[in-house]
**Q** 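This is the structure I want to talk about, given as structure tokens.
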Amino acid sequence: MDGDKKPWDPSQLRKYDLNLEEIPRLHYKDPKIDEYIKENKPVVITESNIVKPAVQRWSLEYLERNLGHSGHTVFVSRNHKFKYYDEKKIYNRVSNTKGVEFTPPTRKVEMRIEDFMKRVKEWKKGDERIYLQQSLTTTVGNNIVEDFVKFDWDYVNGKQTKHNWGPLTSNLLFIAMEGNQTPCHYDEQENFFAQVQGYKRCILFPPSQFECLYPYPVHHPHDRQSMVDFERPDYNKFPKFKNVKGWEAVVGPGDVLYIPIYWWHHIESLLRGGPTVTVNFWYKGGPSTLEYPLKDHQKVSITRNVEKMLLEVLQDPKEVGPLLRSMVLGRYT
Ligand SMILES: C[C@@H](CC(=O)O)C(=O)C(=O)O
Ligand SMILES: [Zn+2]
């Protein structure tokens, strides 16, 4: 690519009214990468060999031939949004009642890879969208396993050790249709988000923006997801969303975005960009020593524990809000 010639066009990005800065892009040998990771800040790692065998070989045809013929986990949506929900929270075991009235926005099915690929190829406007999200385990074909073992594990293991992360919990494979969107949420894991085919726009916000992003209550099936619809924000319900300040990067084949634990991220495959392939590396967070001042993500973790404890004691989710309000309003405000 010459100079600034980008392999994608701004018209391929959905329009949001957001104040965004660019996430830095650093060559994988640049020692400044460790400074960003140490400070829990996102950075795009470029030119690495982390998933190089996949970038070289994992075309849709190759994946169809080699991903293995057992069923793969595929989400189906009536629109372009694939908002995650925790099935276990739809029925609230604690209060032994229906925790919340909840209509899942997507459904999860098992699909053979050839059926998935056929539906992607034959998709037309108005059809349901699909999104393959599958853990890379031994059920995949031998060629995929061979490519997987040739990932640059020395590099990622080196970062895991240097930054005292917990164990690698999973590598998920994502095959998305162009325009598919994973709405804004955070995960409780460190994430090396390795882009393999196609381009994805990643919009990130630090944990300190918790108040601007209005996460669902912890007991809600959409726990960890933002309640704000970025395409039609309700500023009456979510006034602080106006003040949100984020970071963004469009990642392409070979780019690896470090998404720090508890950082919010909204991710979408570019419009008219064709299907995309991503592999993520999720690590448990490191040991959380309480050093003061506390880090923002530690405060988020504390709020989660307070909500969980209150629900455990009160049993009924509908009582948590009123108790918190009686504790805070007029006293801590
Ligand atoms: C699923 C992924 C977003 C996407 O690629 O659609 C994500 O949220 C993560 O890797 O934590
Ligand atoms: Zn995520």
Side-chain angles (χ1 to χ4, degrees), residues 12-14 23 40 42-45 50-51 54-55 58 63 72-77 79-86 105-106 108 116 120 129-136 156 165-166 168-207 209-210 213 215-216 221-226 230-231 246-271 273-285 297 300 304:
Q12 294 180 267
L13 307 180
R14 294 181 193 274
I23 295 171
N40 296 99
V43 60
V44 177
I45 301 167
I50 296 173
V51 291
V55 174
W58 291 11
L63 289 170
H72 297 284
T73 302
V74 173
F75 290 91
V76 184
S77 176
N79 57 40
H80 56 281
K81 295 176 192 283
F82 288 80
K83 187 191 261 188
Y84 172 79
Y85 61 90
D86 182 345
T106 64
K108 183 166 71 170
F116 174 80
V120 169
R129 283 170 173 268
I130 52 179
Y131 198 162
L132 185 144
Q133 304 193 6
Q134 167 79 30
S135 172
L136 276 176
V156 293
W165 290 353
L168 175 72
T169 57
S170 57
N171 291 97
L172 289 186
L173 170 69
F174 300 97
I175 307 178
M177 294 172 55
E178 62 186 28
N180 277 14
Q181 180 189 109
T182 298
C184 194
H185 70 280
Y186 67 87
D187 302 305
E188 296 181 273
Q189 302 205 64
E190 302 286 3
N191 186 353
F192 275 144
F193 183 90
Q195 190 57 17
V196 173
Q197 302 297 348
Y199 288 82
K200 273 182 170 174
R201 183 197 196 177
C202 306
I203 301 175
L204 275 62
F205 305 94
Q209 306 252 324
F210 177 95
L213 288 161
Y216 285 86
H222 281 324
D223 173 27
R224 296 184 291 105
Q225 319 292 306
S226 170
F230 278 24
E231 283 154 29
W247 302 82
E248 74 171 326
V250 175
V251 291
D255 290 340
V256 178
L257 169 64
Y258 166 53
I259 305 177
I261 189 167
Y262 285 100
W263 271 65
W264 298 88
H265 46 289
H266 164 107
I267 296 181
E268 55 194 45
S269 296
L270 296 199
L271 300 168
T276 61
V277 179
T278 309
V279 173
N280 79 5
F281 297 66
W282 262 331
Y283 296 85
K284 280 214 179 301
H297 74 259
V300 173
R304 293 182 60 81

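Only this structure's heavy atoms are used, side chains among them; waters, hydrogens and symmetry mates stay out. In this chain, numbering begins with 1 at the start of the sequence shown. Everything numeric here is computed off the predicted structure, so don't read it as measured data. Both ligands and their constituent atoms are indexed starting at 1 by order of listing.
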**Q** Within the 4.0 Å heavy-atom shell around Trp282, which atoms of ligand 1 are there?
**A**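 Selected atoms, number and element: 9 (C), 11 (O).
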**Q** Can you establish whether the number of heavy atoms outside Lys81 located under 6.0 Å from its atom NZ is more than 12?
**A**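 Yes, enclosed.
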**Q** Just going by heavy-atom distances, which of Trp263, Phe281, Tyr186, Tyr131 is nearest to atom 4 (C) of ligand 1?
**A**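 Answer by nearest heavy atom: Tyr131.
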**Q** Taking the inter-plane angle between the rings of His266 and Phe230 on a 0 to 90° scale, is it parallel (under 30°), tilted (30 to 60°) or perpendicular (over 60°)?
**A**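 Because their plane-to-plane angle is under 30°, the rings of His266 and Phe230 count as parallel.
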**Q** Pick one: which of Arg14, Lys200, Arg201 meets salt bridge (charged side-chain N to carboxylate O under 4.0 Å, His left out) with Glu248?
**A**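 Among Arg14, Lys200, Arg201, the one that satisfies the salt bridge (charged side-chain N to carboxylate O under 4.0 Å, His left out) with Glu248 is Arg201.
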**Q** Centre-to-centre under 6.0 Å for Phe82 and Tyr131, is that the case here?
**A**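 Distance test on ring centres: under 6.0 Å, yes.
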**Q** Between His185 and ligand 1, find which residue part has any heavy-atom pair under 4.0 Å and reply side chain, backbone, both or neither.
**A**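 His185 to ligand 1: side-chain contact only, backbone stays beyond 4.0 Å.
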**Q** Using a 4.0 Å cut-off to any heavy atom of Phe193, which atoms of ligand 1 qualify?
**A**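 Within the 4.0 Å cut-off of Phe193, ligand 1 contributes 5 (O), 10 (O).
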**Q** Does a donor on one side chain and an acceptor on the other come within less than 3.5 Å for Tyr258 and Glu190?
**A**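 A pair is found: one side chain offers a donor N or O, the other an acceptor, under 3.5 Å apart.
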**Q** For the Zn ion (ligand 2), find the closest N/O/S atom on His265 and give its atom name.
**A**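 Going by distance to the Zn ion (ligand 2), the closest N, O or S atom in His265 is NE2.
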**Q** Quick one: nearest non-hydrogen protein atom to atom 5 (O) of ligand 1, plus distance?
**A**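 Going by distance alone, atom 5 (O) of ligand 1 is nearest to Lys200 NZ, 2.8 Å.
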**Q** Among Phe82, Phe174, Tyr84, which one puts a heavy atom closest to atom 1 (C) of ligand 1?
**A**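 Ranked by closest heavy atom to atom 1 (C) of ligand 1, first place is Phe174.
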**Q** What's the shortest distance from atom 7 (C) of ligand 1 to any protein heavy atom, and which residue and atom give it?
**A**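 The closest one turns out to be His265 NE2, 3.9 Å.
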**Q** Closest non-hydrogen protein atom to atom 11 (O) of ligand 1, residue and atom name please, with distance?
**A**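 Atom 11 (O) of ligand 1 sits closest to the protein heavy atom Asp187 OD2, 2.8 Å.
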**Q** Would you mind naming the N, O or S atom of Asp187 nearest to the Zn ion (ligand 2)?
**A**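 Asp187's closest N, O or S atom to the Zn ion (ligand 2) is named OD2.
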**Q** Students often mix this up, so state it plainly: with edges at 30° and 60°, are the rings of Phe281 and Phe192 parallel, tilted or perpendicular?
**A**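 Rings of Phe281 and Phe192: perpendicular, over 60°.
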**Q** In plain terms, say whether Arg224 and Asp86 are close enough for a salt bridge, that is, a side-chain N and a carboxylate O under 4.0 Å apart.
**A**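 Answer for the salt bridge query: no.
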**Q** If I take atom CG from residue Asn180 and atom CZ from residue Phe75, how far apart are they, to the nearest 0.5 angstrom?
**A**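 Nearest 0.5 Å value for the CG-CZ distance: 12.0 Å.
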**Q** For atom 9 (C) of ligand 1, state which one of Asn191, Thr276, Val279 supplies the nearest heavy atom.
**A**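 It is Asn191 whose heavy atom sits nearest to atom 9 (C) of ligand 1.
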